[in-house]
Each structure stands twice: as structure tokens, then as C-alpha cells.
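Below is one structure, written out as C-alpha cells; the observations come after it.
The model shown is predicted, which means the values in this text are computed figures rather than measured ones.
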Amino acid sequence: MSDAAQPTAAEVRAAAEAVKAALDRHLAAVERRSGEDDPAVYEAFNELAAAAEEYDELLYDRYDEVTPFEIPGTDDTLPPYTGPEEPNALSVLIRRDYAVVEPQRLLAQAQRVEAVEESGAAAAGFDAASGTVHGALGVLFGEFEPDEIASRHKEFGLEEGDSTLWVTAADEPADPGEWLESPFDQADTHRIVCRFDVSAVFDDETEDDIDDEAEDELEDGPGPVRVAELDEDEDLEPLDADR
């Protein structure tokens, strides 16, 4: 990181003060908790985690130093469910991140779509848009369903990043057009029925870590069959190949 982009000492100090304040709020919420799943405790926990993560990042950027804080992942920190026991409706919220790694491939695919649909996309003015990356993205995402983009992303010059899927409960189906202007603003984490995340951070284990785990399992396991199972799993293709 360049000196110009580094945080100032004052910013690091402010982040440290924010952690201290978040610690006080968390302790106060714990002391006043009304039950095992008190939402105030959960909110204070998240605020403390966010403040600690911000401080950790600024400290490293400024001084090349780290903290002993370990920020937990989202899989074990969902808030308590407060939605209906028998939902009459549900919403599925999906986010998929991509990096454009081969712009020329992306442009070529968009131009191929236009060539096939001369009376459709090209007549609507997309022929000019396909000469730019953002225009090509509009052509391709207008032509293909998101699931097909996900399964064929390499063909379109894209590289998959993190993704998440939330299934949230609702009392009644939304009225047509009710949320179209802001489709994700009303997402209530307390109504998440289930959530599935895919991220590269879950694959940070090194081969040495896996080998160590295999050796530990062998001490209590039935025999070398367990090692063979681990090796076979390592050779499986990643999940995105099946999507």
C-alpha cells in the first residue's frame, strides 16, 4: 500500500477507541440480557466484531501489525429467527460476485448474441452497447438466466467470487411491483429460514493442514481407508463446476 493510501495515526487511534466503546456496549447488553436470544446482545456482538475488524485492518495498513482478534464467520452468527412459524410466503435473495478476467471473451460473446438476434437485441440498440464491457454485460445478462451465467461463467470471461443465498419468511406475498425499486432494502435477518454461503475464505486450509488433520483422524479411526477418502475428496472438482 502506498503512503498516500495509508490510514493516518489518528484514524487508527479512532478505530481503537471505537473498539473500546463497542466493548462497553457489548458488556452492558450482556448484563441487561432478557434471555438466551436477546437481540440487543446480538446487535452489540455484531458491532463489536465490526469495530474489531476495522481496527485490525487499519492497524495492519498503518503499522504492519496484527491483533489477536478472530472475527467469526456468518454461518454461526445468524440472529434468532422471529418470523412466522408457518410462513405463508417466502423470498429468495441471491448475490453472486464475479470478476471480469477476459474482457475480449465477454465482448465476443455479446456480439455473438446480437448476430443471432439481429431483429431483437441489435434492433433495440444493443449493437452499439456491445462494444463496451458494461454494454456487453447488459446484453448477456439480458439474454441468459442468472443460473446459466453461473454455470457458464468461464465462457463469458468471468471468474466467480463469493456468493450467498438467503431464504426469508414472509407473512404474505408482496404486492406486484411493491419492492421493485429497492428489492433488497427490506431484508430482515431475523426472518432468515436458512442461508448458504460460498466463499474462497472457506478454502484457506493448506495441504499440510489437511495432512495433519488426516493423521490426527487416523489415530482414532478404523485404518488407512480414512486417508484414502480424504485424498479422493481433494481431487473432486470445485462446487462451481456443478452449478
Side-chain angles (χ1 to χ4, degrees), residues 1-7 49-50 53-54 56-58 60-62 64 66 70-75 77 91-118 120-167 180 182-185 187 194-211 230-243:
M1 177 178 290
S2 67
D3 293 339
Q6 285 184 343
E53 185 173 17
E54 176 71 10
D56 189 87
E57 291 179 356
L58 293 178
Y60 182 80
D61 290 344
R62 177 69 185 182
D64 197 23
V66 297
E70 181 177 355
I71 308 303
T74 58
D75 50 345
T77 57
S91 294
V92 179
L93 309 179
I94 301 175
R95 171 172 172 168
R96 296 186 178 115
D97 287 356
Y98 297 95
V100 179
V101 293
E102 297 184 76
Q104 293 305 317
R105 180 182 291 272
L106 179 74
L107 295 171
Q109 290 284 11
Q111 292 164 3
R112 186 175 295 113
V113 169
E114 292 179 341
V116 172
E117 300 182 356
E118 293 181 356
F126 284 109
D127 53 335
S130 68
T132 64
V133 170
H134 73 273
L137 289 170
V139 171
L140 293 176
F141 277 87
E143 175 68 16
F144 300 102
E145 293 291 334
D147 287 344
E148 187 170 3
I149 295 285
S151 65
R152 300 174 56 188
H153 61 278
K154 293 182 179 179
E155 296 179 35
F156 304 133
L158 303 176
E159 181 179 277
E160 281 190 320
D162 291 356
S163 65
T164 187
L165 181 150
W166 297 8
V167 179
L180 292 181
S182 54
F184 303 111
D185 288 355
C194 54
R195 172 176 178 171
F196 305 96
D197 299 317
V198 177
S199 175
V201 299
F202 302 146
D203 301 325
D204 284 345
E205 287 186 319
T206 64
E207 292 184 1
D208 291 338
D209 294 333
I210 295 174
D211 291 339
L230 281 174
D231 292 338
E232 182 179 354
D233 287 343
E234 289 178 23
D235 292 335
L236 292 176
E237 292 186 7
L239 290 177
D240 61 2
D242 298 329
R243 294 170 58 184

Any residue meeting side chain to side chain contact (heavy atoms under 4.5 Å, CB included) with [X], in chain and number order, not counting sequence neighbours:
X    : result
L165 : V92, I94, V167, F196
P103 : V100, V133
A187 : L93, W166
R95  : D97, T164

Sequence-distant partners of E155, salt bridge (Lys or Arg N to Asp or Glu O under 4.0 Å), two or more places apart
R152
Under the salt bridge (Lys or Arg N to Asp or Glu O under 4.0 Å) test, residues paired with R105 that sit two or more places apart
E102
Applying side-chain hydrogen bond (donor to acceptor under 3.5 Å, both in side chains), name anything that partners E143, two or more places apart in sequence or on another chain.
none
From [atom1] ([X]) to [atom2] ([Y]), nearest 0.5 Å:
X    : Y    : atom1 : atom2 : answer
Q109 : L158 : CD    : CG    : 10.0 Å
E160 : Y98  : CD    : OH    : 5.0 Å
L58  : Q6   : CG    : CD    : 11.0 Å

D162 and D197, any side-chain heavy atoms less than 4.5 Å apart:
no
If the condition is ring pair (Phe, Tyr, Trp, His ring centres under 6.0 Å), which residues does F144 pass it with, not counting sequence neighbours?
F156
Shortest non-hydrogen separation from L107 to T132 and the atoms involved
CD2-O, 3.4 Å
Non-hydrogen atoms of P7 and D61 that approach each other most closely
CD-CB, 3.6 Å
Walk me through whether D147 and R96 qualify under side chain to side chain contact (heavy atoms under 4.5 Å, CB included).
CA-CA 10 Å; D147 287 344; R96 296 186 178 115; 2.8 Å; yes
